[in-house]
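Below: the structure, in structure tokens.
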There are 2 protein chains.
Amino acid sequence: MNIALLTIGDELLNGDLADTNTQTIARILTENGLTPREAGTIGDDEALIVTTLQRLAAAHKAVIVTGGLGPTEDDRTAKAAARAFGRPLSLNDQALQQIRNRFRTMRREMHPANEKQAMLPARSHVIPNPNGTAPGFSLQSDKAELFFLPGVPGEMQAMLEESVLPRLLECFPDRPDLCRRSLTVFGLPEPEVEGRLGAALLPDTVAVAFNVDFPMVRIKLQARGDHSQRHIDRAELQIRKALGDHIVAIDEETLAGNTARFLRRAGLTLALAESCTGGLIAKLLTDQAGASAFLERSVVTYANSAKTACLQVPVQLLEQHGAVSAETALAMAKGVRITAGTDIGLAVTGIAGPDGGTPEKPVGTVLIAMSDATGERVAPYHFPGNREQVRQRTACTALDWLRLTAMSRLGSSDRKD
Amino acid sequence: MNIALLTIGDELLNGDLADTNTQTIARILTENGLTPREAGTIGDDEALIVTTLQRLAAAHKAVIVTGGLGPTEDDRTAKAAARAFGRPLSLNDQALQQIRNRFRTMRREMHPANEKQAMLPARSHVIPNPNGTAPGFSLQSDKAELFFLPGVPGEMQAMLEESVLPRLLECFPDRPDLCRRSLTVFGLPEPEVEGRLGAALLPDTVAVAFNVDFPMVRIKLQARGDHSQRHIDRAELQIRKALGDHIVAIDEETLAGNTARFLRRAGLTLALAESCTGGLIAKLLTDQAGASAFLERSVVTYANSAKTACLQVPVQLLEQHGAVSAETALAMAKGVRITAGTDIGLAVTGIAGPDGGTPEKPVGTVLIAMSDATGERVAPYHFPGNREQVRQRTACTALDWLRLTAMSRLGSSDRKD
């Protein structure tokens with residue numbers, strides 16, 4: 001589509017900050033059949049903003065600009081937009097009122113510098129910002145409609161979805177019928193995923209792309225035209241035959257979110273004992289609301305004393321086998337389940353690095369154990385990668401154990417919402 | 001500097017892939033005093049690649065292009081470069097030899113499609129690719145030197161550092177002697193930070209920029225030329241006078257990392273009781289190695305039963321005041337300190353949302369409590385924002401309490417490494 005994106009900010013060109021807005025906007029627009037034609041990034045250089053806005057507005061039907069709407073002196077987007085299209089900058093009452101309301105809601109004093117955020121080019125339309133102080137605005141040039149949004153991702157995205165997207169859908173009525181789906185795969189390396197899919201019979205009409213979002217592999221499916229939905233459904237079915245339970249999430253779902261959903265639906269209660277993950281598993285399970293329905297407690301037992309006191313792991317066992325051992329992992333899982341009185345106890349212990357490895361137990365050695373009424377199991381892992389990667393792989397593997405356990409309790413028809 | 005970056009690929013404009021190359025190149029160039037002036041992204045559209053290359057080459061002294069050098073039909077960068085600068089595309093023997101050698105090293109059969117990767121514009125110079133099959137190339141237009149690199153980040157970066165950067169350093173001999181520093185501020189809104197700095201006497205030679213990295217504000221200092229280091233030092237001193245303990249980290253440091261470092265140095269041991277943060281505080285404190293020296297345990301007590309069992313919070317107190325109350329927060333902090341036998345017990349309880357709020361205790365209501373040998377304290381907060389933001393603010397505020405507590409135990413000379 002004849003749409004351009006422009007992100008503004010010195011921090012995007014000196015390596016300080018990654019521009020995530022371009023991808024977010026591109027994804028949301030593409031999902032609506034409005035893939036942009038080009039994207040650009042420039043610094044807080046007023047003259048360059050002016051000429052770039054003029055160039056993009058002359059060549060496109062819509063231009064979405066993010067960044068440079070803050071209260072500080074180096075935020076120059078509104079001023080440059082005024083110059084680019086020959087309009088005076090003036091105090092916009094509606095914008096000012098929104099900034100004041102925002103501060104009132106936050107019960108904070110409005111700083112005089114925030115008034116600058118209401119200085120907009122004449123004949124702009126204010127775009128409300130439900131999540132921040134900086135109002136956005138839109139204006140019409142000779143050929144293009146331009147939308148100006150703040151650079152803060154959470155503010156930008158809400159404004160894009162609530163205000164800009166509906167307007168773009170009006171401006172571009174002839175959109176291709178596009179259907180996309182994303183399958184998240186855990187526990188298989190990318191070449192293995194590609195190999196298995198190469199042997200699967202996927203419809204020719206569905207384009208398949210892969211990308212790695214550590215430690216997950218994402219399969220992106222896309223089809224256009226009539227029956228695209230049906231073709232995507234058929235492709236998903238074939239991929240499920242090839243990859244089975246390694247598909248842990250669809251589209252916006254996450255492994256942790258689905259694990260939480262299945263545990264809740266299965267009516268299972270959980271207690272966690274985390275060592276090397278240091279709270280990461282509990283953090284992921286509580287990222288979305290509703291974990292109180294199943295998560296009784298999580299105990300981060302970094303010290304051996306905590307393993308003994310909180311989880312009833314015998315001192316002798318710790319001394320004999322060490323904290324990173326199958327025996328300790330099992331004792332932790334059982335201990336946390338019994339002390340918490342839950343259906344499931346899950347424990348992880350390991351060496352995330354960079355220090356603490358030995359020849360017998362190198363960095364990346366991890367034990368995961370689970371205990372429930374039917375019995376207990378423990379498995380050793382050797383995860384490659386740095387500390388962050390070992391922790392991520394450990395947490396995701398533990399979540400996947402819980403997901404599969406909860407799924408096995410549910411009939412397949414119960415797994416759907 | 002008069003340098004432009006251009007990334008090419010449909011996947012960058014439909015939301016499938018984040019462009020990380022722009023930030024990587026920008027960072028490496030900036031570290032060498034060569035901050036680029038603008039960056040752009042376009043799809044695999046030959047006509048648009050041609051006009052964009054011509055536009056960038058007319059306005060800049062150097063242009064770095066990544067992507068579109070692969071063996072498949074939709075890789076069109078070399079063909080477009082040939083058209084843009086009126087040169088025939090021809091088989092480059094040196095490039096072909098490199099591709100052949102690469103396949104020989106990998107012990108793989110060379111696919112005929114890979115020969116296409118040796119078709120380069122006439123009078124190009126080959127840029128060796130130590131990590132992949134696609135050779136890069138450079139060519140000189142009337143005004144600019146253009147460098148073409150593959151889009152795969154690991155291949156791109158090696159070629160940039162080994163071949164492109166040395167050439168750019170020759171092209172731009174007059175680079176400023178650049179010194180940069182970043183100060184991370186917590187607990188003050190951005191306008192307040194700027195207001196206080198406006199009143200501070202900062203050297204004119206130091207450029208100051210702000211950016212919000214929720215929930216932190218980062219102050220970026222930059223100075224060029226002789227004595228830039230000394231000017232930055234003086235600016236930091238003045239900023240410290242204006243913002244005091246709100247400066248929580250310098251450059252690559254983090255709030256959690258410094259909190260961990262100060263606790264360790266002060267010889268203080270810690271036990272955490274987390275409710276609404278669900279393990280986030282422990283996760284942040286254990287992101288870097290070494291937390292076992294001070295963190296005895298962290299208990300995520302999502303359920304009231306866990307608050308009673310793990311933290312000895314009396315059932316009666318929970319019933320009388322509720323889980324989100326100053327009384328419960330204090331009892332949790334004291335309970336976890338006593339049961340863990342640590343110097344400090346820190347507890348958080350609150351309503352992260354989106355559900356669970358009441359008129360008296362709306363979403364964002366958070367209590368933080370701390371207990372140590374000298375006494376105990378508790379404070380109520382009302383944090384704005386969504387679930388993720390409330391959790392982040394709560395965790396950072398709790399970490400900041402710990403940081404200040406540890407710092408107060410250390411003499412000021414002990415705080416430095």
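Each chain gets a letter, A, B and so on, in the order its sequence line appears, and its residues count up from 1.
Across B:Ala271, B:Ser275, B:Ala293, B:Ser292, the residue that shares the most heavy-atom pairs under 4.5 angstrom with chain A is B:Ser292. Per-residue counts of heavy-atom pairs under 4.5 Å with chain B were compared for A:Ala113, A:Pro71, A:Pro36; the largest is that of A:Pro36. When each of B:Ala282, B:Pro191, B:Cys276 is checked for heavy-atom pairs under 4.5 Å with chain A, B:Pro191 comes out on top. Taking chain A as the reference chain and counting heavy-atom pairs below 4.5 Å, the highest number among B:Gln389, B:Arg387, B:Arg27 is found for B:Arg387. Options B:Leu295, B:Thr301, B:Asp355 differ in how many heavy-atom pairs under 4.5 Å they form with chain A, and the most are formed by B:Leu295. For the set A:Pro112, A:Ala352, A:Ala26, the count of heavy-atom pairs under 4.5 angstrom toward chain B peaks at A:Ala26. Of all the listed residues (A:Glu274, A:Gln288, A:Gln222), the one sharing the greatest number of non-hydrogen pairs under 4.5 Å with chain B is A:Gln288. Top candidate by heavy-atom pairs under 4.5 Å with chain A, chosen from B:Gly385, B:Gly290, B:Ala39, B:Gly40, is B:Ala39. No other option in A:Glu31, A:Glu388, A:Glu296, A:Glu38 has as many heavy-atom pairs under 4.5 Å with chain B as A:Glu296. In terms of non-hydrogen atom pairs under 4.5 Å with chain B, the most contact-rich of A:Ala303, A:Ser298, A:Ala306 is A:Ser298. Heavy-atom pairs under 4.5 Å with chain B peak, among A:Ala291, A:Gly43, A:Ala340, at A:Ala291. Top candidate by heavy-atom pairs under 4.5 Å with chain A, chosen from B:Ala289, B:Ala209, B:Gly279, B:Gly353, is B:Ala289.
Note that the CD atom of B:Glu190 and the NE2 atom of A:His111 stand 10.5 Å from one another [nearest 0.5 Å]. Between the CD atom in B:Glu11 and the OG1 atom in A:Thr30 there is a gap of 12.0 Å [rounded to 0.5 Å]. Summarising the geometry, atom CG belonging to A:Leu13 is positioned 11.0 Å from atom CD1 belonging to B:Ile3; distances are rounded to the nearest 0.5 Å. Expressed to the nearest 0.5 Å, how far CZ of A:Arg180 lies from CG of B:Asn14 amounts to 5.0 Å.
In this structure, B:Arg37 contributes its side chain and A:Ile42 its backbone to no donor-acceptor pair below 3.5 Å. Put simply, the side chain of A:Arg297 never gets that close to the backbone of B:Ala309: no donor and acceptor are under 3.5 Å apart. Side chain of B:Gln23 to backbone of A:Gly15: a donor-acceptor contact under 3.5 angstrom is found.
A:Val299 touches chain B through backbone and side chain together, each having a heavy atom under 4.5 Å away. Contacts of B:Arg218 with chain A are absent, with no heavy-atom separation under 4.5 Å from either backbone or side chain. Both the backbone and the side chain of A:Asp16 have a heavy atom closer than 4.5 Å to some heavy atom of chain B. Only the side chain of B:Glu194 comes within less than 4.5 Å of a heavy atom of chain A; its backbone N, CA, C and O stay farther away.
Between B:Lys283 and the choices A:Thr277, A:Ile281, A:Leu280, the side-chain contact (heavy atoms from CB on, under 4.5 Å) rule is met once, by A:Leu280.
Residues B:Arg391 and A:Asp287 approach most closely at NH2-OD1, 3.0 Å, considering heavy atoms.
Shown here is A:Glu109, whose CD atom has no more than 12 heavy atoms of other residues, nucleotides or ligands within 6.0 Å.
Contact annotation: the side chain of A:Leu17 approaches that of B:Asn211 to within less than 4.5 Å [non-hydrogen atoms, C-beta and beyond].
Ion pair B:Lys220/A:Asp10 not flagged as a salt bridge, since none of the NZ, NE, NH1 or NH2 atoms sits closer than 4.0 Å to an Asp/Glu carboxylate oxygen.
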